[in-house]
Amino acid sequence: MERVSIPRSPLGSDGYDCSALIVGGWQLSVGHREAVVDEADLFEALARMVRAGMTTFDCADIYTGVEERFGRFLAAHGSSLQAEGCPVQIHTKYVPDFDQLSRLDKESVERVIDRSLQRLGVERLDLVQFSWWDYGVPGYVEAARWLTELRAAGKIRHVGATNFDAVRMAEMLDAGVPLVSNQVQYSLLDRRPEQHMVPLAERHQFSLLCYGALAGGFLADRFLEQSPPEVPANRSQRKYRVIIEEVGGWTVYQRLLQALRTIADRHQVPIASVALRFAMDRPRVAGVMVGTFHGKHLESTLAAASLRFSDDDRALLDQATASLRDVPGDVFELERDSEGPHGRLMRRNLSDV
Ligand SMILES: NC(=O)c1ccc[n+]([C@@H]2O[C@H](COP(=O)([O-])OP(=O)(O)OC[C@H]3O[C@@H](n4cnc5c(N)ncnc54)[C@H](OP(=O)(O)O)[C@@H]3O)[C@@H](O)[C@H]2O)c1
């Protein structure tokens, strides 16, 4: 395979950086899909991704079995990859259960962080991305401070956030929590971060790490000129199917895919490369997550790193996305509504500590 250079993005100001294309771990969790993953094949694919420059892995305390799996990968391949000059960075999340939010204390936060360290078999977590299900329950600033104390104690290198809106992100930053990032959905279909989050990130100089860039695989050739799947193949597809409805539905989405195909033809790449490049080019985006449970998409993923849009491409992207309805609200606002079509898909009690 041709060696592609994947850019690196600094996070924080201590010299730490991550790869601009990040291996997403949710797809490897128990319950994400029916298929059984052969771990030897998976590890071989992950090692190829790391050697190709996708050295950063994203997981979470609530992705069942994934921290353990990445831990086994690091135990088997971490040292040899490091010796080859390809050290792996681990980004995990701290997502306290909805039912536990009012009962958190520093000890319970530390227990979860210690569990992540132990599952991953590392002495320090490169990035812990903090989440909070319900702003109506006070305590997120305090919990973020406890994470900062665990950082001072050497267990965490950087503290970030995930799915926080601009108001609460600003509140934590103003309280002195040194957040380096917010992981949010940001894609051709979902431009919610542009309203408030990007300007805030500019002001406070934190980065965005984005998911949903491929809309769970919907922003790819395999769905071009296809009817909607009767049954979503996995949890990502369920999540992004409702985003497609939000922007106007299947026909509108198909018109976007056609436009992406036109651009992809100009560069002789798959649609997925165009969708990933679009996300990589967004303001303040330091890394784009690509969900995977095998290595079959590696080449088209890597093609995004060398793709450069022309003025004509950008004009067509503007035109194609202008015909989509805006997803309303700030980041994750729809998903917080537990009665709505987005929020009903969320599993709010997976941490189990
Ligand atoms: N913080 C949060 O709330 C949150 C939420 C969602 C995700 N995430 C993170 O983001 C990661 C990505 O998840 P996502 O849900 O946004 O999924 P995604 O990356 O938008 O889509 C992943 C799916 O797209 C397909 N795919 C991947 N690379 C491709 C390529 N080059 N060409 C064509 N198809 C490709 C694969 O499906 P097939 O293999 O079936 O083709 C894969 O399962 C997760 O693993 C997780 O780390 C975070």
Side-chain angles (χ1 to χ4, degrees), residues 4 18 21-29 32-35 37 42 45-46 49 52 54 56-63 66-67 69-70 90-95 127-133 160-164 181-190 193 208-224 229 232-244 257 260 264 269-279 287-305 307 331-332 334-336 342-343 345-348 350:
V4 191
C18 66
L21 289 166
I22 295 176
V23 177
W26 185 33
Q27 283 67 16
L28 298 171
S29 62
H32 187 271
R33 67 178 68 223
E34 296 302 318
V37 175
L42 171 70
L46 290 176
M49 291 177 205
M54 291 177 75
T56 308
F57 290 9
D58 182 73
C59 55
D61 58 340
I62 60 163
Y63 294 173
V66 180
E67 288 184 327
R69 191 162 253 173
F70 282 167
I90 299 285
H91 294 179
T92 193
K93 306 188 189 80
Y94 169 53
V95 188
L127 177 69
V128 173
Q129 302 159 103
F130 170 49
S131 168
W132 196 261
W133 287 114
T162 178
N163 294 326
F164 267 92
S181 58
N182 193 14
Q183 184 180 132
V184 295
Q185 187 178 162
Y186 197 1
S187 73
L188 282 154
L189 297 174
D190 183 355
L208 300 180
L209 299 172
C210 50
Y211 63 85
L214 295 174
F218 281 120
L219 292 173
D221 285 286
R222 65 196 264 213
F223 285 105
L224 182 64
N234 53 56
R235 290 196 60 211
S236 297
Q237 282 191 8
R238 237 170 263 142
K239 177 178 176 70
Y240 299 110
R241 187 70 186 84
V242 276
I243 289 289
I244 289 173
L257 277 190
L260 299 183
V269 293
I271 285 177
S273 315
V274 176
L276 289 172
R277 185 74 237 177
F278 176 86
V288 174
M289 251 86 55
V290 188
T292 191
F293 67 107
H294 54 69
K296 293 176 198 138
H297 295 307
L298 182 55
E299 278 189 54
S300 55
T301 299
L302 296 180
L307 179 58
V331 297
F332 212 69
L334 290 174
E335 291 84 346
R336 283 181 190 283
H342 303 267
L345 298 175
M346 299 290 147
R347 297 185 183 164
R348 292 177 163 74
L350 282 172

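Just so you know, these numbers use all the heavy atoms, side chains as well, and skip hydrogens, waters and symmetry mates. All of these numbers come straight from a predicted model, not from anything done at the bench. Atoms within each ligand, like the ligands themselves, are counted from 1 in listed order. Residue indices begin at 1 and follow the sequence shown.
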Q237: partners by side-chain hydrogen bond (donor to acceptor under 3.5 Å, both in side chains), with sequence neighbours left out: none
Validation row: H91, L209 side chains within 4.5 angstrom (heavy atoms): yes
Interatomic distance, D58 atom CG to W26 atom CH2 [nearest 0.5 angstrom]: 11.5 Å
Close N or O approach (G291, ligand 1; < 3.5 Å): yes
Sub-3.5 Å N/O-N/O distance, G216 and ligand 1: yes
Identified side-chain contact (heavy atoms from CB on, under 4.5 Å) partner of Y211 from the options D190, N163, I22, V290: N163
Under 4.0 Å to a heavy atom of A215 - the qualifying atoms of ligand 1, by number: 20 (O)
Element-labelled atoms of ligand 1 that are located less than 4.0 Å from some non-hydrogen atom of G217: 21 (O), 23 (C), 24 (O), 25 (C)
Option of least heavy-atom distance to atom 26 (N) of ligand 1 (set: H297, K93, M289, E299): H297
Side-chain touch R69/L42, heavy atoms, less than 4.5 angstrom: yes
Nitrogen or oxygen of G25 less than 3.5 angstrom from that of ligand 1: yes
Contact summary for L276 and A213, nearest pair of heavy atoms: CD2-CB, 4.0 Å
Per-atom contacts, ligand 1 versus A272 - under 4.0 Å to a heavy atom: 30 (C), 31 (N), 32 (N), 33 (C)
Enumerated ligand 1 atoms positioned under 4.0 Å from heavy atoms of S236: 15 (O)
Note, H342 side chain near I243 side chain (heavy atom, < 4.5 Å): yes
From CA spacing to verdict: side chain to side chain contact (heavy atoms under 4.5 Å, CB included), V66, F57: CA-CA 10 Å; V66 180; F57 290 9; over 6 Å; no
Value rounded to 0.5 Å, distance of NE2 in H294 from CG in L28: 10.0 Å
Heavy atom of T162, distance to ligand 1 below 4.0 Å: yes
F293 to ligand 1, any heavy atom closer than 4.0 Å: yes
L219 vs L260 side-chain heavy atoms within contact, under 4.5 Å: yes
Contact with ligand 1 for F332, non-hydrogen, under 4.0 angstrom: no
Under 4.0 Å to a heavy atom of V290 - the qualifying atoms of ligand 1, by number: 19 (O), 27 (C), 28 (N)
Atom 47 (O) of ligand 1 [closest protein heavy-atom partner, distance rounded to 0.1 Å]: D58 OD2, 2.6 Å
Option whose closest heavy atom lies nearest to atom 28 (N) of ligand 1, chosen from L214, V95, L189: L214
Ring centers of F218, Y240 separated by less than 6.0 Å: no
Nitrogen or oxygen of N163 less than 3.5 angstrom from that of ligand 1: yes
Close approach, R235 and ligand 1, non-hydrogen under 4.0 angstrom: no
Short N or O distance, K239 and ligand 1, threshold 3.5 Å exclusive: no
Value rounded to 0.5 Å, distance of CG in L214 from NE2 in H297: 8.5 Å
L302 side, atom CG; L307 side, atom CG - distance, nearest 0.5 Å: 12.5 Å
Expected output: side-chain Q129 to main-chain Y94 donor-acceptor under 3.5 Å: no
Per-residue contact class, Q129 against ligand 1 - non-hydrogen pairs under 4.0 Å: neither
S273 side-chain N/O to S300 backbone N/O, donor-acceptor pair under 3.5 Å: yes
Residue-ligand contact K296/ligand 1, heavy atom below 4.0 Å: no
Ligand 1 versus P270: contacting region, heavy-atom distance under 4.0 Å: neither
4.5 Å side-chain heavy-atom contact, K93 and Y63: yes
Selected option - heavy-atom contact closest to atom 46 (C) of ligand 1, from Y211, Y63, F57: Y63
Which residue and heavy atom of the protein sit nearest atom 43 (O) of ligand 1, plus the separation: R33 NH2, 3.4 Å
Proximity flag R222 to ligand 1, non-hydrogen atoms under 4.0 Å: yes
Residue G24 vicinity, atoms of ligand 1 by number, heavy atom under 4.0 Å: 11 (C), 44 (C), 45 (O), 47 (O)
Closest protein heavy atom to atom 48 (C) of ligand 1, given as residue, atom name and distance to 0.1 Å: Q183 OE1, 2.9 Å
Per-atom contacts of ligand 1 with Y240, taking only distances under 4.0 Å to non-hydrogen atoms: 6 (C), 14 (P), 15 (O), 16 (O)
The one among Q237, E335, Q27 that brings a heavy atom closest to atom 13 (O) of ligand 1: Q27
For H294, the ligand 1 atoms whose distance to one of its heavy atoms is below 4.0 Å: 39 (O)
